[in-house]
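Working notes, beginning with the structure itself.
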Amino acid sequence: MQIFNFVPGPAVLPTRVKKAASEAAVRQPVSILELSHRSKEFEEILNEATNRLRNLLNVPAEFHIQWFGGGANQQFAIVAMNYAARFSAGDGAVFEYVVTGTWSDRAYHEAKNLGLNVHLVHDGTKACRKIAPESEWNWYQDRSKVAYTYYCANETVNGVGFRSGCPELPTGSRPDHECGGLIGDWSSNLLTSEISNWNQHDLIYSCAQKNMGIAGMTVVIVRKSVYEKPKPADALMKLPVIFDYSTLAKHNSLYNTPPTFAIWVSNEYMKWMEDHASDLMDPSNGKATMLAAIE
């Protein structure tokens with residue numbers, strides 16, 4: 001009897017992907033577990049995975065796809081640090097957070113821990129069971145000062161999420177494409193629904209183990225203008241090279257050894273998804289609609 005995990009941690013993988021992984025692990029002359037990240041073969045795998053993800057999500061050309069080792073929780077800090085390194089104290093940058101549950105609350109407190117000027121748009125820290133209408137949110141009034149607006153698309157612990165996938169920015173947001181956009185944690189629903197409003201986003205990230213592979217890897221889809229923004233000498237903080245999105249962009253996620261096997265599995269999973277994409281969404285949408293109607 002096969003056991004399916006519907007609780008925290010790694011989720012179910014298609015049998016085809018697991019069989020391919022077991023065969024690749026013992027293949028000759030070199031196992032996929034031992035393949036050098038500097039080899040031409042692995043770079044082809046990496047580029048293939050990147051292109052597949054771009055096609056499946058219709059990611060615009062102005063975004064770069066990056067592959068990080070580790071879980072999505074580390075992005076709570078890395079996102080904030082990348083932005084803080086590109087603003088000086090005199091800019092008066094404000095970091096907005098839409099807190100709707102456990103994961104966005106962790107990200108909010110991480111930004112506060114870094115000493116940033118954090119503005120709470122929606123306070124769902126106390127047993128949030130329903131997200132208030134956006135018209136009732138405490139948006140920061142001077143939108144030109146907002147570095148980004150952070151949200152979590154689906155709060156798995158609390159059982160709440162955005163039916164459209166993300167909030168809608170208020171009028172006057174995004175004076176340019178260097179700042180002011182949405183930052184989305186899509187860790188539990190990437191590749192399960194369409195992302196239609198890329199124009200409002202600066203960055204989306206997701207761990208792999210829920211919908212596109214195994215634990216130990218996080219994919220970051222970041223607007224190029226975010227990391228191309230110059231770092232002022234008096235920046236709010238200095239950014240370690242290894243965490244800088246511009247470093248991963250310059251080195252095609254190969255600045256250091258990436259999670260090679262996890263990337264390979266994600267590529268295989270997306271191959272499988274391409275063969276089943278037409279029937280993956282309809283049943284899920286039907287069940288979601290029924291559940292959302294329950295008050």
Side-chain angles (χ1 to χ4, degrees), residues 1-5 8-59 61 63-75 78 82 186-188 190-192 203-222 224 227 240-277 280:
M1 181 183 70
Q2 184 176 358
I3 296 175
F4 297 97
N5 179 22
V12 179
L13 283 173
T15 300
R16 186 180 100 180
V17 175
K18 289 185 285 189
K19 286 183 176 179
S22 64
E23 292 169 2
V26 294
R27 72 177 188 177
Q28 296 295 331
V30 60
S31 164
I32 190 64
L33 301 175
E34 303 163 336
L35 186 65
S36 169
H37 69 294
R38 301 295 183 195
S39 67
K40 180 180 178 181
E41 181 182 354
F42 178 74
E43 190 159 10
E44 288 175 353
I45 293 169
L46 176 65
N47 292 335
E48 201 175 290
T50 298
N51 291 333
R52 277 203 164 84
L53 185 60
R54 186 177 296 279
N55 291 334
L56 285 168
L57 292 176
N58 294 315
V59 179
F63 285 82
H64 190 262
I65 296 174
Q66 305 184 351
W67 306 86
F68 275 79
N73 273 233
Q74 67 181 356
Q75 293 298 323
I78 293 175
N82 267 270
W186 279 64
S187 288
S188 64
L190 195 73
L191 291 177
T192 66
L203 186 151
I204 283 175
Y205 69 85
S206 172
C207 59
Q209 70 266 21
K210 292 301 181 186
N211 298 304
M212 60 179 295
I214 60 175
M217 184 189 73
T218 296
V219 62
V220 174
I221 307 172
V222 56
K224 295 175 183 178
Y227 59 77
V241 172
I242 191 64
F243 296 147
D244 194 333
Y245 294 135
S246 68
T247 300
L248 274 79
K250 180 180 179 181
H251 295 274
N252 191 28
S253 299
L254 293 170
Y255 178 75
N256 64 328
T257 306
T260 55
F261 183 59
I263 292 171
W264 182 90
V265 172
S266 285
N267 190 41
E268 292 298 310
Y269 177 86
M270 288 187 286
K271 288 181 187 177
W272 174 86
M273 190 173 183
E274 287 171 344
D275 294 338
H276 297 80
L280 280 178

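- Put simply, CD1 on Ile214 and OH on Tyr269 are 13.5 Å apart, with the number rounded to the nearest 0.5 Å.
- For Lys18, the NZ atom sits in a packed shell: over 12 heavy atoms of surrounding residues, nucleotides or ligands are nearer than 6.0 Å.
- Note that the CG atom of Asn51 and the CG atom of Leu46 stand 9.5 Å from one another [nearest 0.5 Å].
- The main-chain N or O of Leu57 is never found under 3.5 Å from a side-chain atom of Arg54 such that the two would form a donor-acceptor pair.
- Taking a cutoff of 4.0 Å between a charged side-chain nitrogen and a carboxylate oxygen, Lys271 and Glu274 do not qualify as a salt bridge.
- Counting only distance, with no hydrogens or angles, the side chain of Gln75 and the backbone of Ile204 share no donor-acceptor pair below 3.5 Å.
- Side-chain atoms of Tyr255 and Val241, non-hydrogen and from C-beta on, do get closer than 4.5 Å to each other.
- Note that CE of Met270 and OG of Ser266 are 5.5 Å apart. Values are rounded to the nearest 0.5 Å.
- Side-chain contact between Leu191 and Trp186 is absent, with no heavy-atom pair separated by less than 4.5 Å.
- Atom NE2 of His64 sits about 11.5 Å away from atom CD1 of Ile221, to the nearest 0.5 Å.
- Side-chain contact check for Ile263 versus Phe42: some heavy-atom pair is nearer than 4.5 Å.
- No donor-acceptor distance shorter than 3.5 angstrom exists from the side chain of Tyr227 to the backbone of Asp244, with no hydrogens or angles considered.
- Note: Trp264 and Phe261 have parallel aromatic rings, judged against thresholds of 30 and 60 degrees for the angle between ring planes.
- A heavy-atom distance below 4.5 Å is found between the side chains of Arg16 and Asp275.
- Between Leu190 and Val219, the closest side-chain pair of non-hydrogen atoms falls below 4.5 Å.
- No donor-acceptor pair closer than 3.5 Å links the side chain of Thr218 to the backbone N or O of Phe68.
- Within the 4.5 Å cutoff, no side-chain heavy atoms of Val220 are placed close to those of Leu248.
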Working for side chain to side chain contact (heavy atoms under 4.5 Å, CB included), residues Thr260 and Ile45
CA-CA 9 Å; Thr260 55; Ile45 293 169; over 6 Å; no
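- Taking the side chain as every heavy atom from C-beta outward, Lys210 and Ser187 never approach each other to under 4.5 Å.
- Within the 4.5 Å cutoff, side-chain heavy atoms of Val265 are placed close to those of Val17.
- Distance alone, capped at 3.5 Å, places no donor-acceptor pair between the Asn211 side chain and the Thr192 backbone.
- A side-chain donor-acceptor contact under 3.5 Å links Ser253 to the backbone of Trp67.
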Between Arg52 and Glu48, does the salt bridge (charged side-chain N to carboxylate O under 4.0 Å, His left out) criterion hold? Intermediate values first, please.
CA-CA 6 Å; Arg52 277 203 164 84; Glu48 201 175 290; 2.7 Å; yes
